[in-house]
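What follows is a short report on a single structure.
Below, chain A is the first sequence line, B the second, and so on; all start at residue 1.
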Amino acid sequence: MREKARAEGRKPKYDGSCRDKGLGPPNDGEPGHVVRLKTPTDGTIAYKDMVKGPIAVDAAELDDMILRRADGTPTYNLAVVADDHDMGVTHVLRGDDHVNNTPRQITVYRALGWDVPEFGHVPLILGPDKKKLSKRHGALSAMEYKTLGYLPEAMVNYLARLGWSHGDQEVFSRDELIRLFTTDNLGSSPSVFDTQKLDWLNAQYIQQAEPGQLTDGLSEMIAQEFKDDPAVKQDSVKLSDVIRLLQPRAKTLKDMAQQARIFLVGSKDLEYDEKAVEKFLTPEARELLATFREQLAGLDSFDEESLDKLGHGFIEAQGIKFKAIAQPIRVSITGVTASPGLFETMAVLGRDETLARMDRALSL
RNA sequence: GUCCCCAUCGUCUAGUGGCCUAGGACGUCGGCCUCUCACGCCGAUAACAGGGGUUCAAAUCCCCUUGGGGACGCCA
């Protein structure tokens, strides 16, 4: 019947064969029958949507929808109405995919003689292909974003800003959101989920956080990322020190965990990038490194400021530019060509580890 | 197919008839900063879907077209 209707270009719906038979509600012992709502056939069902404005649909469009299934259980459209009414719900704010349901539910409210609540429908979130966001587009359950290293506050902020705005403001604390949110400035067209902007927002939150606020999250992330990497030991350095160095460099906690690896392995387990070693640990550079290493060994206090002072004294004494020695040092203590600042890195690693790494690099 | 909804830079959006030569943000591209990578800063790029009206005046109001989304279950 539905197929036929669709083929003929009509809306597939109940043909109403029992509509006016005056059948009473079936007894419980009478399975196989369904109870429908006798819906008005003329006029329009109209309501004012909190975000979309007036919406009207011809009553003729509505089917005599099923309220009770043949097995005796209630259907969704009856259940929500009853539930919302019992709970005293006054405002219903839900996804756009429910707009078509609303007129149906209104007929149920009316049939039951109940007050109809306010309805508002927010636009759906679309994937990059502009289709309703679904599993196919990317892992999207809220929990999965946590696994990917996104901060809850960033996620909330991003989602809030998707389809809603408050002037030009982009970053909102949760309190601000609560204070500023109204349905007036909700957009009415669907929006595309943009991972790049989420990344940016997340980076903002990471940068603004106090290192202490990120330690637990990062710690979990490290455990998750390096569970099969026995070389990684979380207690080798103070995590908050690492966080401080990585905050401006990480878009996500996952990102940060990966960048943190160079701080979490011993000199023996540090991986040296072959190309970097070849390019920067030249014979001349090694000579300078060896000399610098001895000065480091004799430094009184191994903090960033002292290290910086020592470093600059060193290049001055050698009559070289900082650039000439920076990359060789970096490669020797991190194994790679990109890292946080040299002296802060050394300070976090500590004297023993720093020297051990330089020794290892010089032996390569 | 039928019904409902929607339509400003690639993306998120500001804009509620004159303040719009259309603003911000992400991205992209340049530059600055600089021990690398980032961060930061400066600059550039790029949009009112099309066509008709209404009006002294339209991104803003109305209509049509086109395009997009959603819904058409004894699922929720």
Side-chain angles (χ1 to χ4, degrees), chain A residues 2-3 5-14 32-36 45 49 51-53 55-58 60-63 65-80 94-104 121 123-126 128-133 158-171 184-185 187-201 203-204 206-207 245-251 255 259 276 280 308 311-312 315 321-331 334 336-345:
Chain A
R2 286 177 191 280
E3 292 313 314
R6 208 178 282 255
E8 288 168 4
R10 297 193 334 268
K11 192 159 180 141
K13 50 187 282 195
Y14 173 56
H33 293 282
V34 113
V35 178
R36 290 177 181 271
I45 312 289
D49 194 284
V51 346
K52 293 180 178 303
I55 291 185
V57 61
D58 286 343
E61 285 299 323
L62 267 33
D63 206 348
M65 64 177 176
I66 291 171
L67 298 177
R68 202 196 86 152
R69 299 187 188 100
D71 67 3
T73 56
T75 56
Y76 168 74
N77 276 315
L78 175 62
V80 265
R94 51 180 13 172
D96 229 346
D97 47 347
H98 280 283
V99 248
N100 297 268
N101 270 322
T102 305
R104 300 168 208 286
H121 293 89
L124 298 177
I125 297 173
L126 274 27
D129 58 356
K130 306 214 175 182
K131 295 277 185 213
K132 183 177 173 180
L133 194 58
Y158 177 71
L159 254 17
R161 197 53 194 66
L162 206 55
W164 174 83
S165 62
H166 183 257
D168 285 339
Q169 192 170 345
E170 296 285 350
V171 181
D184 309 339
N185 30 30
S188 45
S189 52
S191 36
V192 175
F193 192 93
D194 182 9
T195 312
Q196 288 186 309
K197 191 150 185 179
L198 207 212
D199 282 348
W200 172 78
L201 248 185
Q204 297 297 308
I206 285 178
Q207 273 186 66
L245 303 195
L246 263 22
Q247 271 176 307
R249 296 175 168 79
K251 289 195 187 313
D255 220 14
Q259 293 184 51
F280 292 108
D308 190 283
H312 284 89
I315 59 166
K321 290 269 191 148
F322 198 10
K323 279 185 191 291
I325 192 73
Q327 285 304 70
I329 294 176
R330 171 165 288 107
V331 171
T334 67
V336 291
T337 54
S339 79
L342 285 180
F343 304 120
E344 46 189 9
T345 299

Roughly how far apart, to the nearest Å, are B:A59 and B:G51 at atom P?
12 Å
Side chains of A:Leu201 and A:Arg161: does their closest heavy-atom pair fall under 4.5 Å?
no
Is B:U54 paired to anything, Watson-Crick or G-U wobble with both distances less than 3.5 Å, and if yes, which nucleotide?
none
Nearest non-hydrogen partners of A:Phe193 and A:Leu198, listed with the distance
CZ-CD1, 4.1 Å
Rounded distance [0.5 Å steps], CD1 in A:Ile206 versus CZ in A:Arg249
13.5 Å
Using the side-chain heavy atoms of A:Ser165, tell me which of these nucleotides is nearest: B:U13, B:G27, B:C74.
B:U13
To the nearest Å, give me how far apart CD1 (A:Ile45) and P (B:C72) are.
18 Å
Determine, stepwise, if the pair A:Thr345 / A:Arg330 fulfils side chain to side chain donor-acceptor pair (under 3.5 Å).
CA-CA 9 Å; A:Thr345 299; A:Arg330 171 165 288 107; over 6 Å; no
Considering only B:U8, B:G24, B:C4, which nucleotide approaches the side chain of A:Arg161 most closely?
B:G24
How do A:Leu162 and A:Asn101 order along RNA chain B: which one's closest nucleotide is nearer the 5' end?
A:Leu162
Is the shortest heavy-atom distance from the side chain of A:Thr75 to the side chain of A:Met65 under 4.5 Å?
no
A:His166 NE2 to B:G15 C1', in whole Å, measures 15 Å
Measuring only the C1' atom in each nucleotide, how far is B:G15 from B:G1? A whole number of Å is fine.
38 Å
Return the nearest nucleotide to the side chain of A:Tyr76; candidates are B:A14, B:A76, B:C12.
B:A76
Return the nearest nucleotide to the side chain of A:Val57; candidates are B:C4, B:C6, B:A14.
B:C4
Between B:A25 and B:U45, how far apart are the P atoms? Round to whole Å, please.
14 Å
What closest approach, in Å, do A:Asp63 and A:Arg104 show between heavy atoms, and which atom pair accounts for it?
N-NH1, 4.0 Å
Looking only at atom C1', what distance separates B:C72 and B:C29, rounded to whole Å?
47 Å
Looking only at heavy atoms, what is the nearest atom pair of A:Lys52 and A:His121, with distance?
CE-O, 4.0 Å
Can you find a pair of side-chain heavy atoms, one from A:Val331 and one from A:Thr337, that are under 4.5 Å apart?
yes
Would you call the rings of A:Phe343 and A:His312 parallel, tilted or perpendicular if under 30° counts as parallel and over 60° as perpendicular?
tilted
Report the distance from atom CD1 of A:Ile66 to atom P of B:A76, rounded to the nearest whole Å.
11 Å
Mind checking who B:C41 pairs with, Watson-Crick or G-U wobble, both distances under 3.5 Å?
B:G31
Rounded to whole Å, please give me the gap between CG in A:Leu198 and C1' in B:A25.
14 Å
Does the structure show a Watson-Crick or G-U wobble partner for B:A49, both distances under 3.5 Å? Name it, or say none.
B:U65
How many whole angstroms separate atom CD1 of A:Ile125 from atom P of B:U11?
16 Å
What distance do A:Thr334 atom OG1 and A:Ile329 atom CD1 have between them, rounded to the nearest 0.5 Å?
11.0 Å
What string of B, S and - do you get for nucleotides 30-39 of chain B, 5' to 3', when a contact is any protein heavy atom under 4.0 Å?
-----BBBSS
Roughly how many Å apart are B:G43 and B:C26, using the P atom of each and rounding to a whole number?
13 Å
A:Glu170 CD to B:C26 P, straight-line distance once rounded to whole Å
7 Å
Set out, line by line, the N/O atom pairs under 3.5 Å between protein and nucleotides 68-70 of chain B.
residue, atom, partner, partner atom, Å
B:G69, OP1, A:Lys131, NZ, 2.7
B:G70, OP1, A:Lys132, N, 3.0
B:G70, N2, A:Asn100, OD1, 3.1

Closest non-hydrogen atom pair between A:Gly163 and A:Ser191, with its separation:
N-OG, 4.0 Å
Quick one: are A:Ile45 and A:Leu62 in side-chain contact, heavy atoms under 4.5 Å?
yes
Are A:Ser188 and B:C6 close enough that a side-chain N or O sits under 4.0 Å from OP1 or OP2?
no
Give me the distance, rounded to whole Å, that separates B:A44 from B:U2 when you measure between the P atoms they each carry.
49 Å
Does the structure show a Watson-Crick or G-U wobble partner for B:U21, both distances under 3.5 Å? Name it, or say none.
none
Starting at atom NZ of A:Lys197, determine the distance to atom P of B:C9, rounded to an integer number of angstrom.
14 Å
Opposite nucleotide pairing with B:U60, Watson-Crick or G-U, both atom distances under 3.5 Å
none
As its Watson-Crick or G-U partner within any shown strand, both distances under 3.5 Å, B:C3 has B:G70
On a whole-Å scale, what distance lies between the C1' atoms belonging to B:A58 and B:G67?
22 Å
Between the base of B:G24 and the side chain of A:Gln169, is there a donor and acceptor pair under 3.5 angstrom?
no
Pick the P atom in B:G69 and in B:U55, then give their distance to the nearest Å.
37 Å
When the distance from CG of A:Leu62 to P of B:U2 is rounded to whole Å, what number comes out?
18 Å
